[in-house]
Undergrad: 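If you scroll down you'll find the structure; I have some questions about it.
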Amino acid sequence: MSLVNKTTGQILPVIEVIQQVREIIWNWKHAGETIAFVPTMGHLHEGHLALLKQANALGTKTVVSIFVNPMQFGKNDDFDEYPRTLDDDLGKLYEYNVDFVFAPSVDEVYPGGGECASFIDIPGFSSMLDGEHRPGFFPGVATVVNKLFNIIQPNIAVFGEKDYQQLMVVRQMVNDLSMPVEIRSVTTVREADGLAMSSRNGYLNNEQRSIAVGLYGCLERVVEAVRQGEDPNFEVVHATHDLTEQGFIVDYVVVRRQQDLSVPQPGDKALIALAAARLGSVRLIDNIPFELSE
Ligand code: PAF
């Protein structure tokens, strides 16, 4: 299927079948194109569009995937409710120089009823922070990203830093398995009040939306205090208490090393404050990377 923008006449091919993607990619590879790829689950917002801008700047061809990946949702997660807004998403993509959108069905990606016997696991990351709170999530992400890389064969893939642990997982997978893909990242895009953009923000009711920004505020206070020399362990306990008072159910607030998300050691300078917390059934994550001065 191809969509034509009635105003500009621009064509946006939308491909659902892996074999058709392979044919295009084969031609591009032989023509020496540099393929930049942005994997998404759709419901696109400014954060995704920033990834696209980066991809446009880095490649001679830009490919976007829109696929809500069942393998990264747990039994109690929101797979069925996850917003699927393909028409709106395609409308947004016209503004960018996207060469095609890969929007496969679940059966196309996981033939035989959504099952996938093989999977990629990176044990360190899948058992900490989001991995601990969402068992199966990172193996699901790593496996589908690997599949998408095998299908699109990008030279470059662009990910958002809001999902910092996911970015670490993808980098680790690419390094460990010698995948010929350069991973680039883009800083978190925020609403005017500071709330990190996320496809899940749309689930928040008005009251929750006004509380949600507290997550970023809380991380800002942790970062400021640690920069002033306060003990990170004390600050995260304090922040957890603050968030709970505001109405969040807190999964974690931590300060870790940027490099590998391990617990900081004396002398570490490149740190990151990360948090995950729920408002009702909506789970929000955010982070702020920061450097300590000498
Ligand atoms: O960040 C996301 O939207 C998803 O986890 C990804 C990377 C597209 C894999 O399904």
Side-chain angles (χ1 to χ4, degrees), residues 16 18 21 35-52 54-55 62-74 77-86 88-89 92-93 98 100-110 114 116 119-122 125-126 129-131 133-152 154 156-174 177 179 181-189 196-203 274 276 282-287:
E16 294 161 20
I18 294 172
V21 173
I35 303 169
F37 173 48
V38 179
T40 81
M41 298 208 299
H43 202 47
L44 303 180
H45 50 67
E46 291 295 321
H48 295 110
L49 301 179
L51 306 183
L52 270 173
Q54 174 81 311
T62 300
V63 177
V64 176
S65 65
I66 297 181
F67 177 63
V68 184
N69 171 36
M71 202 178 161
Q72 68 191 72
F73 288 78
D77 285 344
D78 53 353
F79 177 69
D80 289 333
E81 293 80 42
Y82 198 86
R84 288 156 175 88
T85 52
L86 189 60
D88 276 7
D89 292 343
K92 288 177 185 156
L93 292 174
V98 174
F100 73 81
V101 176
F102 179 48
S105 64
V106 170
D107 255 6
E108 183 67 10
V109 177
Y110 299 108
C116 189
F119 64 92
I120 292 189
D121 189 18
I122 296 152
F125 286 122
S126 30
L129 305 177
D130 281 333
H133 290 274
R134 299 185 68 188
F137 173 65
F138 287 120
V141 169
T143 305
V144 81
V145 170
N146 179 34
K147 270 169 152 307
L148 291 167
F149 284 180
N150 288 337
I151 296 164
I152 310 289
I156 299 155
V158 188
F159 290 81
E161 289 173 13
K162 181 189 153 260
D163 298 299
Y164 194 87
Q165 193 175 353
Q166 168 173 281
L167 175 63
M168 296 278 105
V169 163
V170 172
R171 284 195 197 283
Q172 181 89 45
M173 172 181 78
V174 163
L177 302 181
M179 294 180 172
V181 186
E182 183 184 334
I183 303 302
R184 292 292 195 104
S185 69
V186 171
T187 49
T188 304
V189 179
M197 290 204 182
S198 161
S199 302
R200 288 191 168 91
N201 290 351
Y203 296 153
L274 306 107
V282 189
R283 187 172 189 274
L284 302 172
I285 60 171
D286 202 352
N287 68 74

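Values below: all heavy atoms of this structure, side chains included; hydrogens, waters and symmetry mates excluded. As the structure is a computational prediction, the values presented were derived from the model and not from experiment. Atoms within each ligand, like the ligands themselves, are counted from 1 in listed order.
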Undergrad: Do Arg134 and Phe125 meet the cation-pi criteria used here (NZ or CZ under 6.0 Å from the six-membered ring centre, within 45° of the axis)?
TA: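 Relative to the ring axis of Phe125, which defines the angle, Arg134 lies outside at least one limit.
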Undergrad: Identify, for atom 1 (O) of ligand 1, the protein heavy atom at the shortest distance, and state residue, atom and that distance.
TA: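 Residue, atom and distance for the closest contact: Gln166 NE2, 2.9 Å.
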Undergrad: Check for a donor-acceptor pair, side chain of Asp121 on one end and backbone N or O of Ser126 on the other, with a separation under 3.5 Å.
TA: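 No; zero donor-acceptor contacts below 3.5 Å.
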Undergrad: Kindly compute the distance separating OG1 (Thr188) from CG (Asp286), expressed to the nearest 0.5 Å.
TA: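 The OG1 atom of Thr188 sits 6.5 Å away from the CG atom of Asp286.
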Undergrad: For Val144, take its heavy atoms, then give the atoms of ligand 1 lying under 4.0 Å from any of them.
TA: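 Near Val144, meaning under 4.0 Å from one of its heavy atoms, ligand 1 has 9 (C), 10 (O).
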Undergrad: Do Thr40 and ligand 1 have an N or O pair less than 3.5 Å apart?
TA: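 No, there is no polar N/O contact under 3.5 Å.
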Undergrad: Counting heavy atoms only, which of Met71, Met41, Gln72 comes nearest to atom 3 (O) of ligand 1?
TA: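 Nearest heavy atom to atom 3 (O) of ligand 1 lies in Met41.
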Undergrad: Using modelled atom types and a 3.5 Å cut-off, is there a donor and acceptor pairing between side-chain atoms of Glu46 and backbone atoms of Val189?
TA: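 No, the answer is negative, given that no donor and acceptor are paired below the 3.5 Å cut-off.
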